[in-house]
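Take a look at the structure below.
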Amino acid sequence: MPDFDLLIQLSEYFGVGVGELLDGERAPEKESAGENDTLIKVADYSANENINFSNRLRVISLLGLAALSGYAVIGYMGLSGAYGYAADFLLGLVFGAFICGVLYTSKHMSKIRAFKMRLIGRLKRK
């Protein structure tokens, strides 16, 4: 899927409609202003989704980094005997953050989200 912000800017620069840009040929008639407004709303929504995605990934990464730092401190100070369970928990958080990062950057996350929304919909109906 192309970046809608870029398509709108390119269409304005070349003086053509977005539909013409996507089709690769000039249309016999001009696009209506309503279509451009709709595309601008889609571009804004897409940009907001990208910002939300980046924020979630940043939080997961920071959580993993903090857990890794805690695990390293426990190991470096030789406290694994007294804080062994805490070290194991922190290592699990690091692994979980890594797996979440891989899932978020793959195509599988949209499938997982769709499954979750179907499951939530079924639970709400009951």
Side-chain angles (χ1 to χ4, degrees):
M1 181 64 77
D3 186 15
F4 290 110
D5 291 331
L6 183 61
L7 282 177
I8 292 170
Q9 289 175 2
L10 281 173
S11 69
E12 289 173 356
Y13 179 78
F14 288 116
V16 296
V18 176
E20 294 173 325
L21 202 60
L22 289 172
D23 291 339
E25 57 187 30
R26 285 225 182 246
E29 58 199 43
K30 264 314 223 187
E31 286 183 348
S32 68
E35 287 181 22
N36 262 353
D37 292 340
T38 303
L39 287 173
I40 288 172
K41 288 178 185 177
V42 168
D44 288 341
Y45 177 77
S46 178
N48 286 339
E49 283 293 312
N50 286 338
I51 289 170
N52 289 340
F53 172 78
S54 296
N55 287 340
R56 287 183 191 137
L57 196 55
R58 184 178 306 114
V59 167
I60 290 170
S61 299
L62 288 174
L63 178 68
L65 184 62
L68 183 63
S69 299
Y71 179 77
V73 166
I74 289 173
Y76 179 75
M77 296 183 74
L79 300 173
S80 9
Y83 295 101
Y85 292 121
D88 293 342
F89 175 75
L90 291 174
L91 193 58
L93 277 179
V94 171
F95 184 70
F98 176 74
I99 295 297
C100 284
V102 169
L103 285 175
Y104 259 85
T105 56
S106 71
K107 63 183 177 183
H108 302 295
M109 197 60 187
S110 60
K111 293 178 184 176
I112 292 170
R113 186 167 194 260
F115 174 73
K116 181 182 91 171
M117 297 310 278
R118 281 195 311 267
L119 192 63
I120 289 172
R122 287 182 190 161
L123 292 175
K124 285 184 179 179
R125 282 185 246 149
K126 289 183 179 181

If two hydrophobic side chains count as joined below 4.5 Å and joins carry through other members, does Leu103 share a cluster with Phe95? yes
Show the numbers, then the answer: is there a side chain to side chain contact (heavy atoms under 4.5 Å, CB included) between Arg58 and Asn55? CA-CA 5 Å; Arg58 184 178 306 114; Asn55 287 340; 2.7 Å; yes
Heavy-atom pair with the smallest gap, counting every atom of Phe53 and Tyr104: CE1-O, 3.1 Å
Treat each ILVMFWY residue as a node, draw an edge where side-chain heavy atoms are under 4.5 Å apart, and state whether Ile51 and Val59 are in one component. no
When you group the ILVMFWY residues by side-chain heavy-atom contacts below 4.5 Å and let the links chain together, are Phe89 and Tyr85 in the same group? no
Among the clusters formed by ILVMFWY side chains lying less than 4.5 Å apart, do Met77 and Leu91 turn up in the same one? yes
Looking at every heavy atom in both Leu57 and Gly101, which two are closest together, and how far apart are they? CD1-CA, 3.9 Å
Test of understanding: clusters of I, L, V, M, F, W, Y form through side-chain heavy atoms closer than 4.5 Å, transitively. Do Ile60 and Leu90 belong to the same one? no
Specify the closest pair of heavy atoms between Gly64 and Ala97, including all atoms of both residues, with the distance to one decimal. CA-CB, 3.6 Å
